[in-house]
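The next block holds one structure in the form of structure tokens; read it before the comments.
Keep in mind that the numbers below use all heavy atoms, side chains included, and drop hydrogens, waters and symmetry copies.
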Amino acid sequence: MADPRNAAAFEALGAGQSPEALFVTCSDSRVVPALITGARPGELFELRTAGNVVPPYPAEGTTDRAGRPMSEAATIEYAVCVLGIRDIVVCGHSHCGAVGALVRGEDLSAVPAVRDWLEHSVAPDDALRSLTPTSPDVAEAVQTHVLAQVARLRAYPCVRERTADGSLTLHAWYYEVHTGTVTAHRPSDGGLAAFGPL
């Protein structure tokens, strides 16, 4: 049962939602968007996928290769076109099992749905697959992966249109599960990727 002291806040949520941001992150239980951002109910629209993957926008609309509706594309379009969000944050995290499995070349045959999801979502020639993890948190690989997902978002027609007119901004974040630290991507003067404090 909800705390009765919050009754008015819950009642207001019944009138609808108007989140300012879409937060795309991993399904990992250690990643809690409201904790990371301080958001209250109704302030974030969330898309959680294994490995915070943003699948490629399907050429024939919002269906996958088998012609089924694609919930990730539907969530992104709804957030951008219907809710009118102003920001999309793609937030990767340290110690990510999905990214770690990719860069270490782990055998995922025991979890075929996970294997197929990652194989479909991360191209064989993706830069991520050529990285060698230098630490258990796979920070460099996760940050590279987050930037690739932000780039993939730009190919969504609704995102491309809204970023072009300046009404939508894309952000790449990296969350350290072992410290609670959040960093954001900021291109350096040399054009290289750099993550620094928010």
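Put simply, the side chain of His145 reaches to within 4.5 Å of the side chain of Val53, judged on heavy atoms. Taking 4.5 Å as the limit, some side-chain heavy atom of Leu47 sits within range of a side-chain heavy atom of Glu72. Two residues are said to be in side-chain contact when any heavy atoms from C-beta on lie closer than 4.5 Å; Val54 and Tyr156 meet this criterion. Considering only heavy atoms from C-beta on, Glu161 stays 4.5 Å or farther from Val80 through its side chain. Thr25 is not listed as a side-chain neighbour of Trp173, based on a closest heavy-atom distance of 4.5 Å or more. Here the side chains of Phe195 and Leu147 are in contact, with some heavy-atom distance below 4.5 Å. Contact of the Val31 side chain with the Arg48 side chain is registered, since non-hydrogen atoms from C-beta on lie closer than 4.5 Å. Asp137 has its side chain within reach of Tyr174: a pair of non-hydrogen atoms, C-beta onward, lies under 4.5 Å apart.
Applying side-chain contact (heavy atoms from CB on, under 4.5 Å) to Glu140 and the options Leu128, Val103, Leu131, Thr132 leaves one that passes, Leu131.
Summarising the geometry, atom OG1 belonging to Thr49 is positioned 7.5 Å from atom CD belonging to Gln149; distances are rounded to the nearest 0.5 Å.
For the residue pair Ser27 and Ala50, the shortest heavy atom distance occurs at OG-N, 3.5 Å. Here the closest heavy-atom approach between residue Cys96 and residue Gly51 is recorded as SG-CA, 4.2 Å.
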Just do the side chain to side chain contact (heavy atoms under 4.5 Å, CB included) check on Val146 and His185 with the steps written out, would you?
CA-CA 9 Å; Val146 167; His185 173 257; over 6 Å; no
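Around CD of Gln17, the count of heavy atoms belonging to other residues, nucleotides or ligands within 6.0 Å exceeds 12.
The main-chain N or O of Glu20 is never found under 3.5 Å from a side-chain atom of Arg86 such that the two would form a donor-acceptor pair. Distance alone, capped at 3.5 Å, is enough to place a donor-acceptor pair between the Arg186 side chain and the Pro197 backbone. Proximity of a side-chain donor or acceptor of Arg30 to a complementary backbone N or O of His95 within less than 3.5 Å is detected.
The aromatic rings of Tyr78 and Phe45 sit tilted relative to each other, their planes meeting at an angle between 30° and 60°.
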